[in-house]
Each structure stands twice: as C-alpha cells, then as structure tokens.
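Here is the structure we will look at.
Chain letters run A, B, ... following the sequence lines, proteins first and then strands; every chain starts at 1.
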2 protein chains.
Amino acid sequence: MAEATIRDVASRAQVSVASVSRVLNGFDKVSSQTRERVAAAVAELGYVPHAAARSLSMARTHSIGVVLPDLHGEFFSEIVRGMDRVASERGYLLLLSSLHAGSRLGTSALRALRGRVDGAMVMAPHLGEEELAATLPPGVPIVLLNTRSQQGLHSTISLDNAAGATAVAEHLLALGRKRVIHIAGPPGNADAQERAQAFARRVAQGDDVVLTAVEGDFSEQSGEDAVAALLRSHQRFDAVFAANDNMAIGALQALRQAGRQVPEAVAVAGFDDIPMARHLGLTTVRVRIAELGEYGLSELIDTVEGRGAPPASTLHPVELVVRTSTGQA
Amino acid sequence: MAEATIRDVASRAQVSVASVSRVLNGFDKVSSQTRERVAAAVAELGYVPHAAARSLSMARTHSIGVVLPDLHGEFFSEIVRGMDRVASERGYLLLLSSLHAGSRLGTSALRALRGRVDGAMVMAPHLGEEELAATLPPGVPIVLLNTRSQQGLHSTISLDNAAGATAVAEHLLALGRKRVIHIAGPPGNADAQERAQAFARRVAQGDDVVLTAVEGDFSEQSGEDAVAALLRSHQRFDAVFAANDNMAIGALQALRQAGRQVPEAVAVAGFDDIPMARHLGLTTVRVRIAELGEYGLSELIDTVEGRGAPPASTLHPVELVVRTSTGQA
DNA sequence: ACGCAGCGTGTAACCGGTTACATGTCTTAA
DNA sequence: TTAAGACATGTAACCGGTTACACGCTGCGT
C-alpha cells in the first residue's frame with residue numbers, strides 16, 4: 001500500500017484536488033458538504049500531506065537550519081532548547097547540522113540547506129568573514145550567532161562578553177585583590193578574546209594591580225594545568241578569572257590540591273554559569289543561552305515571514321553571579 | 001536575481017537538463033566536454049540544487065527525524081551528539097522535533113515528518129502503545145528509543161537498566177550493607193520501573209537484607225526530600241540507591257546536612273554518570289548515551305537504505321563505576 | 001552494403017502538492 | 001425575462017529536480 005496522495009483523496013471524496021487542498025489549508029470558499037466529504041476521505045485513507053511537495057510549490061519549508069560548530073555540552077543543549085521553544089510555538093522544525101572544524105564538509109552542509117530551510121541560525125566562530133560569505137547559501141535569511149561579522153549583511157546576535165568580564169574585574173577589584181590571573185580561552189576564539197580584552201582593560205584601571213594572562217583551551221584540564229604551573233613557578237596571586245567555568249573548575253581543583261584556601265587566599269571566578277558552578281559555589285557570569293536562542297530565532301522567523309526588521313547587531317546581556325568562591329567562605 | 005535552476009544551468013551550458021543532472025550526480029555516461037561545460041556553468045551561476053525538488057522526485061530526503069520528549073540537559077545533548085556523528089558521516093541531516101507532554105501538538109509534529117525525513121528516531125516514554133501506533137506516520141522507518149514497545153513492529157533500542165541496577169545491588173551486598181533504601185523514579189517511567197524491579201529482585205537474594213523503596217521524581221530536590229524524610233522518621237539504613245544521579249546528589253546533601261558519613265555510615269549510588277557524579281565521587285552506572293544514539297541511528301540508516309536487518313530489540317550495555325561514595329573514603 | 005551494438009544526448013513524463021483562471025450554477029436587480 | 005454578479009468547484013500549469021525512453025551517431029563484423 002503506497003502512501004495516499006491528494007489525488008487519491010480527491011477521487012475518494014469525489015471532488016477535485018483543488019477542493020481537497022482548500023479544505024486542508026482552511027481556505028473558506030468551500031461548502032460544508034465538500035468539507036465533510038474531504039475530511040472523511042482523509043480520515044479513511046490516513047492521508048498526510050507530503051512536505052516536500054508542498055515545499056516545492058510554495059517555496060516555503062517551515063524549517064529553520066541550525067548550524068553549530070560542535071554539538072555537545074550545556075551550551076549546545078541550552079541554545080537548542082531555546083530555539084525549539086520558539087520553533088514549535090511558531091510552527092517550525094529545526095534542521096540540525098554540525099559544522100565540523102575540518103570544514104570542507106561544513107561548506108557542503110551549508111549549501112545543502114537550499115530548498116530545505118527558510119532561514120538559518122549559524123554559529124561559525126572559526127570561519128573568517130570571506131569564507132563565511134562564500135559559504136552561505138544565497139537567498140536564505142541568516143542570523144549569525146556569536147560571530148563577529150560582516151558589513152552588516154546579516155543580523156548578528158552575540159553575548160555581551162565585555163560587560164561580563166568587566167563586571168568580574170570590578171568585583172575582584174572591589175574585594176581588594178591585587179595580583180590577578182586570567183586564564184584565557186583559545187586564541188582564535190572571539191568570545192575568549194573579548195573577555196580577555198575587556199577584563200584587562202578594566203583591571204588596568206585599578207591601583208597597583210598586576211595582571212598575568214595565561215592561555216587555556218576552555219577544558220577543565222587546561223584550567224587545572226594552568227594553575228598548577230603557576231603554583232609550581234611560585235607565582236604569587238590572589239585572584240583567578242577563567243574565561244569559562246570549566247577552566248575555573250579546573251583551577252579550583254589545582255588550588256585545593258595545593259592547599260590554597262578559596263576564597264581567602266585566592267578568589268576564583270568563571271564565565272557561563274553552568275549547573276556545576278552552583279554546586280561548587282563558583283562566582284561566575286550567567287549567560288542565558290536558551291534566551292539567546294529564543295531571541296535569535298524569533299528575529300529570524302520574523303525576517304522569514306516578511307515582518308522583519310533590517311539586519312542589526314544585538315548584544316545579549318549577561319549577569320554577574322557572586323558565590324562563595326569570591327565571597328565569604 | 002532569483003535562484004538559478006537546473007534549466008538555467010542547462011541553457012547556459014548549452015546542454016539538456018538531463019545532462020546537467022547526470023554530471024551533478026556523478027553519473028558516468030557523460031563526455032568530458034559536457035562535464036566541463038556544466039561545471040563551468042554551475043560555477044558561474046553559483047547553482048545549488050534545490051533539495052525539496054530533489055526529494056520529491058527521488059522520494060529520498062537524506063534527513064532523519066529526531067523526536068525527543070524534552071530538549072534539555074546532558075541526556076539530550078549526548079544523544080544528539082552521537083546521532084550527529086553518524087549522520088554527518090553518512091550524509092544525513094537531523095530534523096529535530098520535541099514532543100511536548102501536552103501531546104496534541106506532538107502528534108501533529110510526528111505526522112509533519114512525512115515527506116521531510118527518510119526515517120525517525122522516536123523517544124516517547126509517556127505515550128502508550130496504541131497512541132504511538134496511531135501517531136506514527138505510516139511508511140516511515142522508525143527506531144524507538146527507550147520505549148518498551150509494540151509487537152515487534154519497530155526496532156527498539158534501550159538501556160539495560162536491569163543489568164545496571166543488578167550490578168549496583170551486587171556491589172552493595174558485597175559491601176555487606178543490610179538495610180537498603182531505593183529512591184525510585186516517577187511511577188510512569190519505564191526506566192525507573194525497570195531499575196526498581198531489577199534492584200529489588202537482586203537485593204532479595206541477599207541474606208537478611210531489608211529493602212525499603214520510596215518514590216522520587218528524578219529531581220535533585222526529590223532525592224534530598226526523600227532522605228530527609230527517612231532521617232526524620234528515624235529509619236535505619238546503611239545504603240541508598242537512587243534511580244538517577246540527580247536524586248543521589250540530593251541524597252548526599254541530605255546526609256551531609258544530617259552529619260551522616262558517606263560511605264562509612266551510608267553508601268550512596270546513582271544511575272547515569274552525569275559529569276557531576278565524577279566530581280562528587282558518586283558511585284553510579286555509566287550510560288554511554290552518545291553511543292546509544294550512534295548505534296540507533298546507524299541501524300535506522302541501514303534500514304532506510306535497504307540494507308536493513310529486520311526489526312529487533314536491543315539492549316544497550318551499561319557499566320558500574322565505583323567511586324568514593326561507596327568505596328573507601 | 002547492411003545491421004547492430006554501444007554510447008552520449010535530449011525530450012518529456014513524473015514526483016505531490018498549490019493556485020490562477022475558467023466554468024457552471026444560483027441569486028438578484030433591472 | 002435576462003444580464004450580472006457571487007460563489008463553489010474543476011482544469012491544468014507550475015514548482016525544480018530525476019530518469020525512462022527515444023534518438024542519432026560511430027564503428028564493428030559479416
């Protein structure tokens with residue numbers, strides 16, 4: 001038994017395909033008799049419209065492409081959760097595609113979106129502007145996530161890293177810390193750069209404050225290694241700001257193993273507010289990732305549906321959360 | 001400038017659409033001259049094939065639907081990560097759809113998959129068999145995840161909850177624990193039921209062992225509450241097995257607050273091995289969720305591509321991980 | 001010289017919907 | 001009584017690909 005088509009429904013209901021289509025799409029110029037007969041035929045045949053056919057003739061898919069660099073961890077699940085909320089509310093599905101760093105595949109993945117989606121949310125931190133422009137499928141509205149970009153060709157929505165890092169700096173300064181370590185993220189990463197830069201700028205405004213920056217790669221291990229290395233070299237410091245929570249957690253472990261008291265001897269702060277941060281009492285910057293996804297997707301769907309504002313760059317706000325790793329024990 | 005179609009390419013290359021199609025699909029009966037001219041025209045026009053059109057005529061979409069009950073947390077991101085790995089390897093995209101508990105929408109979400117996907121991975125723990133059968137789109141291969149089901153109509157792949165719970169029971173018995181608490185998951189949940197049942201069965205084989213089961217809802221709070229209540233009622237116990245890690249973590253907190261030593265006074269074990277379990281030294285059952293996703297999707301794609309084995313039920317293995325919450329302090 | 005196979009190419013039907021336009025029927029006003 | 005309009009319905013073109021089949025050409029064997 002092959003799948004029923006609209007023509008099967010039409011002949012069974014003894015009406016034309018046009019009438020069936022009208023009934024199915026809630027068009028009003030249909031007699032109630034026709035409506036009933038079509039409904040009956042649909043039910044009897046278990047008919048379900050064929051999405052590809054509809055997409056082809058309407059040039060609308062009601063799907064949104066989501067292209068992310070890596071599909072793991074809290075960040076990913078949160079952003080998708082936010083998008084899903086908006087998508088299902090507004091009748092869209094999400095087409096997921098990871099953009100692996102070995103990017104030839106990524107390129108084709110992006111192009112493969114033509115005819116599949118009405119728009120796309122793209123996060124491609126490691127792609128340069130030119131590469132991006134060359135890769136993006138033409139004619140598909142795009143919202144760029146956390147990707148500095150472009151001559152205003154696409155909408156962009158990104159975290160307010162600068163505000164977060166500045167808030168941490170002010171907090172540490174207010175605590176009177178003078179010898180501050182920053183464990184930065186990977187050099188190519190734009191978020192990491194912004195955090196490091198804003199932090200350094202604000203710390204530099206303190207009196208007699210010394211800042212040392214070391215490099216990490218966002219992994220817990222790299223945070224632990226960085227602090228362990230500092231301890232071995234007898235570097236003196238009374239505060240650590242890691243560019244993300246994972247590294248901050250690594251730092252906490254290294255400090256605990258070395259017997260350094262947190263926060264008395266060393267205050268520690270991170271960025272992201274992952275769930276574990278709360279359990280460990282880690283001061284951090286809360287990033288409402290799900291909201292970012294919601295907001296970005298709403299905007300994209302507006303654009304897709306023609307209700308769109310012109311492309312704009314938006315900064316998504318963040319929030320300092322003070323916990324015991326910098327406050328009283 | 002509208003998007004270029006295959007006919008634009010054909011006329012520009014001065015060949016027929018059939019030839020263009022043949023070149024694009026790597027069909028070999030094409031002269032090298034034709035091949036070059038088509039390639040040139042494609043490049044000049046920036047032509048990208050239209051996926052919906054191709055899907056319609058080939059009856060293949062190269063997409064797989066992923067229908068999950070809720071899109072958050074570690075479980076979700078892990079399972080999607082596993083699926084994505086397989087999908088991108090084999091040239092598929094994932095179409096994501098959450099199945100909200102208020103399920104009228106869910107039903108339509110499932111049906112909306114027709115013509116959009118070649119197959120679907122469905123996880124619908126709260127749907128009954130009949131409901132499921134009525135909801136699933138006909139003619140689309142399905143793999144059910146963690147959903148006990150059916151008269152063998154679809155493939156099923158689920159966690160070996162029984163093995164995990166049994167292993168925990170044996171571990172606790174080997175430690176000589178005699179008064180054991182089980183904090184169960186929500187009553188309607190199949191995983192929770194299997195864990196509770198297998199655990200009870202194995203514990204009953206111990207000598208002089210008393211098992212008390214209390215109910216939770218998989219949340220950390222419910223674990224904490226459950227243990228707090230037991231302590232208040234002066235129930236004596238020397239081991240707690242929670243049906244998931246979240247509740248086990250709650251249990252740990254309640255015990256710490258009451259000053260009970262873990263593991264000396266009370267051994268605690270969970271299920272899932274979420275990242276936090278490692279940090280807290282929680283003994284648990286490791287579930288390789290990403291692998292489950294990989295495995296399930298591989299099987300589904302095999303079926304889609306005709307290389308499929310008949311529907312079967314598979315149990316995905318799990319692994320006991322002993323940490324300090326039951327071992328030496 | 002002829003037939004036939006093999007190869008490259010083009011024509012047109014088809015996938016399953018939507019929808020502009022034509023058609024037919026009934027009502028209503030002149 | 002009849003022309004005009006409103007309304008429900010049907011016919012067929014179209015969306016952009018794929019592909020069965022037909023066709024024309026070349027080279028071979030007899």
N/O donor to acceptor pairs below 3.5 angstrom from side-chain atoms of residues 34-43 of chain A, sequence neighbours left out:
{"unit_1": "A/Thr34", "atom_1": "OG1", "unit_2": "A/Ser31", "atom_2": "OG", "d": "3.0"}
{"unit_1": "A/Arg35", "atom_1": "NH2", "unit_2": "A/Val30", "atom_2": "O", "d": "3.2"}
{"unit_1": "A/Arg37", "atom_1": "NE", "unit_2": "A/Ala13", "atom_2": "O", "d": "3.2"}
{"unit_1": "A/Arg37", "atom_1": "NH2", "unit_2": "A/Ala13", "atom_2": "O", "d": "3.2"}

Result block: side-chain N/O donor-acceptor pairs under 3.5 angstrom for residues 292-301 of chain A, not counting sequence neighbours:
{"unit_1": "A/Glu294", "atom_1": "OE2", "unit_2": "A/Arg85", "atom_2": "NH1", "d": "2.2"}
{"unit_1": "A/Ser298", "atom_1": "OG", "unit_2": "A/Glu294", "atom_2": "O", "d": "3.1"}
{"unit_1": "A/Glu299", "atom_1": "OE2", "unit_2": "A/Ser155", "atom_2": "OG", "d": "3.2"}

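Under the ring-ring contact (aromatic ring centres under 6.0 Å, His included) criterion, B/His62 pairs with B/Tyr92, sequence neighbours left out. With sequence neighbours left out, B/Gln193 forms a side-chain hydrogen bond (donor to acceptor under 3.5 Å, both in side chains) with no residue at all. In this view, B/Arg90 and B/Asp302, B/Glu305 satisfy the salt bridge (Lys or Arg N to Asp or Glu O under 4.0 Å) rule, not counting sequence neighbours. Taking A/Asp118 as the reference, A/Arg60 meet the salt bridge (Lys or Arg N to Asp or Glu O under 4.0 Å) condition, with sequence neighbours excluded. Looking at residues two or more places apart in sequence or on another chain, you find a side-chain contact (heavy atoms from CB on, under 4.5 Å) between B/Ser63 and A/Leu95, A/Arg116, B/Thr61, B/Leu93, B/Val117.
One distance of note links CD1 of B/Ile79 with CE of B/Met123; it measures 6.0 Å at 0.5 Å rounding.
Within 4.0 Å of B/Val17, counting heavy atoms only, lies at least one base atom of the nucleic acid. Within the nucleic acid shown, A/Ser19 comes within 4.0 Å of sugar-phosphate atoms alone, with no base atom in reach, counting heavy atoms only. Using a 4.0 Å heavy-atom cutoff across all strands shown, A/Phe27 reaches no nucleic acid atom at all. B/Thr5 comes within 4.0 angstrom of the backbone, heavy atoms only, and of no base.
Direction change of the helix axis from one end of the helix from C/dA1-D/dT30 to C/dA30-D/dT1 to the other is 60°, with five pairs defining each end axis (rounded to 10°).
Taking 4.0 Å as the cutoff to heavy atoms of chain A, we find the contact window on DNA chain D bounded by D/dA8 to D/dG17.
A heavy atom closer than 4.0 Å to some atom of DNA chain C occurs in no member of residues 31-40 of chain A. Listed by residue number, A/Ala53, A/Arg54, A/Leu56, A/Ser57, A/Met58 are the residues of residues 53-64 of chain A with a heavy-atom contact under 4.0 Å to DNA chain C.
Inter-residue side-chain proximity for A/Val122 and A/Val143 is flagged as unmet; no heavy-atom pair is nearer than 4.5 Å. Using a 4.5 Å heavy-atom cutoff, the side chains of A/Val140 and A/Leu113 are not in contact. At least one side-chain heavy atom of A/Ser158 sits under 4.5 Å from a side-chain heavy atom of A/Leu315.
The two residues A/Ala52 and B/Ser55 make their nearest non-hydrogen contact at CB-CB, 3.9 Å. Of all heavy-atom pairs spanning B/Arg288 and B/His316, the tightest one is O-NE2, 3.6 Å. Considering every non-hydrogen atom in both B/Ser16 and B/Ala10, the closest pair reads C-CB, 3.8 Å.
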Polar atom pairs (N or O), protein with nucleotides 21-23 of chain C, under 3.5 Å:
none

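Applying the 6.0 Å contact sphere to CD of A/Gln14 captures no more than 12 heavy atoms from other residues, nucleotides or ligands.
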